Amino acid sequence: MLIKGTKLPFKAVRGMKDILPEEIDVWNHLERLARQVFQAYHYREIRTPIVEETEPELFVRGVGETSDIVSKQMYAFPDRKGRSLALRPEGTAPVIRAYLEHGLDRQGSLLKLFYLGPFFRSERPQAGRGREFHQIGAEAIGSENPALDAEVIALAIHLLKAFGLEGLKTNLNSIGCPSCQPDYRKVLIKYLRSKSDSLCSDCRDRTERNPLRVLDCKREKCRPLIEKAPSISGYLCPACAEHFQRVQTHLDDLGVEYSLDPYLVRGLDYYTRTAFEIAYEHLGAQNAVAAGGRFDGLIEELGGVSTPAVGFALGMERVILAKGKELEMPTCRISVYLAPQGEEAGRETVKLLQRLRGEGIDSDMDYQGRSLKSQLRLANRLQAKYVVIISEKETVILKDMQSGEQEEMEQGLVVKKIKEKLS
RNA sequence: GUGGGCGUAGCUCAGGUGGUUAGAGCACCAGGUUGUGGCCCUGGUGGCCGCGGGUUCGAAUCCCGUCGCUCACCCCA
């Protein structure tokens with residue numbers, strides 16, 4: 001409790017949240033499920049530092065200089081020697097950095113990695129979007145086989161289903177490659193400029209800055225124009241078109257349901273060809289719960305030998321938000337609670353408690369010298385299975401909190417008895 | 001960065017047009033029950049009414065500012 005008359009001296013940083021004991025079971029549960037699923041798909045975990053140096057421009061070159069993430073959302077700061085550091089705003093660039101730094105490309109053919117942890121972007125907080133947020137992601141590096149695109153998409157969906165999410169919608173598109181996207185881009189810009197008067201002000205801006213982004217403008221005003229806009233699908237080069245077709249065939253073979261969405265665009269510059277997004281309808285404005293795609297140019301951009309790769313990331317907070325109260329886990333339980341009565345009994349209780357714990361039985365005791373009544377009340381709230389009442393006598397009382405039955409026994413026997421009952 | 005909504009007890013929220021000691025439910029503590037939980041009953045702890053200024057005889061209430069939270073835009077998982 002705070003001293004009377006004072007207000008909170010410290011607060012969590014804006015947009016960053018404490019995960020409290022009552023919430024942590026959900027997180028651990030999801031992470032445990034995720035690890036199982038990744039194991040089934042043969043992805044191995046990698047953990048990269050939360051901080052990266054910005055000087056060789058890892059994020060600028062990876063994510064894109066003009067992207068909002070780099071241009072205005074990155075937490076960057078100098079360290080003691082004046083080097084510029086940044087809290088990682090996304091996971092792919094650091095994973096590729098580690099991949100190149102440790103020569104993981106020389107250890108085998110295809111490398112499949114997953115990661116989970118916090119990321120940071122200095123955006124305005126909103127439902128499903130914090131300044132610190134947690135992602136689970138995967139990257140499959142070293143093949144342009146469309147079957148791998150399909151695997152990654154299937155993996156993302158598999159994870160979300162394992163988390164218990166229903167009613168997901170998967171959208172798919174191909175945004176081409178460096179040999180065809182620029183041509184489309186020119187055509188699109190030309191079209192958009194011709195309609196510039198009818199577009200919203202944001203879209204006029206986007207036309208010059210990031211024309212593909214105009215395609216997923218939500219404004220009523222822009223919709224009809226967008227629907228008449230040239231579609232990327234007509235401009236894909238033969239190689240991209242075939243790749244996209246084969247991704248779809250594989251998804252069909254896998255029984256994955258998806259919709260083609262020619263307006264789907266990714267915000268990060270490194271994406272090529274396959275782009276996908278998995279949305280949960282009732283989430284509010286931020287309804288993409290997972291998204292990803294292919295990034296065949298990133299590794300070369302970061303100084304490696306040109307290597308194709310696909311991946312995705314999934315937002316933990318959004319998953320938890322989507323699950324809402326459905327996901328509530330059983331609250332904290334304890335097997336045995338010890339209720340000492342009086343000072344002398346306290347010493348015996350501490351010893352008994354240690355013996356129980358030595359046997360691996362989760363147990364606790366009252367340390368506050370409270371009345372038996374309030375100790376039992378607490379034990380009840382903790383959903384204790386058994387309570388041991390210890391008085392100054394030789395014998396103790398073992399009470400079954402569910403049935404209410406209790407029996408008196410020698411103190412030496414109680415640990416053995418509890419072990420029997422719990423097994 | 002831009003716009004809307006909201007800041008009253010640990011939590012969820014009441015408190016018409018300003019008017020005495022600011023309320024309820026939940027939670028917490030104690031008692032009813034000569035150390036025995038849940039249900040019920042009774043009582044109790046807990047509030048600079050976000051902060052600062054203004055209007056007024058008088059402000060939780062009206063006005064301005066500020067900070068915080070929240071939703072949305074932008075952008076993104």
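Predicted model only: the values in this text are computed from it and were never measured. Numbers restart at 1 for each chain; the letters A, B, ... are given by sequence-line order, proteins then strands.
With 3.5 Å as the limit, one finds no donor-acceptor pair spanning the side chains of A:Tyr271 and A:Gln181. A:Arg97 and A:Thr48 share no side-chain donor-acceptor pair at under 3.5 Å.
Listed by first residue number, the stems of RNA chain B with at least three Watson-Crick or G-U pairs below 3.5 Å are B:1-7 with B:67-73, B:10-13 with B:23-26, B:28-32 with B:40-44, B:50-54 with B:62-66.
B:U56 and B:C62 have their C1' atoms separated by 10 Å, with the value rounded to a whole Å. B:U17 and B:U21: their C1' atoms are spaced 24 Å apart (whole Å). B:U36 and B:G32 have their P atoms separated by 9 Å, given to the nearest Å. The same atom, P, is picked in B:C40 and in B:A22; the two are 30 Å apart, to the nearest Å. Here the separation of B:G4 from B:C63, taken at their P atoms, is 15 Å to the nearest Å. Distance check on atom P: B:G58 versus B:G15 gives 26 Å, rounded to whole Å. Distance check on atom P: B:C49 versus B:U34 gives 42 Å, rounded to whole Å. Rounded to the nearest Å, the gap between the P atom of B:G54 and that of B:G47 is 27 Å.
Base contact: A:Ile389 has a heavy atom under 4.0 Å from a base atom. Among the protein residues, A:Gly404 comes within range of the nucleic acid bases, having at least one heavy atom under 4.0 Å from a base atom. If you check every strand for non-hydrogen atoms under 4.0 Å, A:Ile397 touches a base.
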Per-nucleotide protein contact string for nucleotides 66-77 of chain B (B base, S sugar-phosphate only, - none; heavy atom under 4.0 Å)
--SSSSBBBBBB

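As a whole-Å value, the separation of A:Arg381 CZ from B:A27 C1' is 9 Å. Per the geometry, CZ belonging to A:Arg370 stands 14 Å off C1' belonging to B:G35, to the nearest Å. For the pair A:Asp400 CG and B:G38 P, the computed distance is 16 Å after rounding to whole Å.
For A:Lys373 and B:U36, a side-chain-to-base donor-acceptor distance below 3.5 Å is absent, hydrogens and geometry of angles not being considered.
Electrostatic pairing of A:Glu45 and A:Arg35 counts as a salt bridge here, judged by a charged N lying under 4.0 Å from a carboxylate O.
Between A:Arg377 and B:C28 there is no side-chain N or O to OP1 or OP2 distance below 4.0 Å. An OP1 or OP2 oxygen of B:A30 is reached within less than 4.0 angstrom by a side-chain nitrogen or oxygen of A:Ser374.
Dense packing is recorded around CD of A:Glu420, with more than 12 heavy atoms of other residues, nucleotides or ligands lying under 6.0 Å away.
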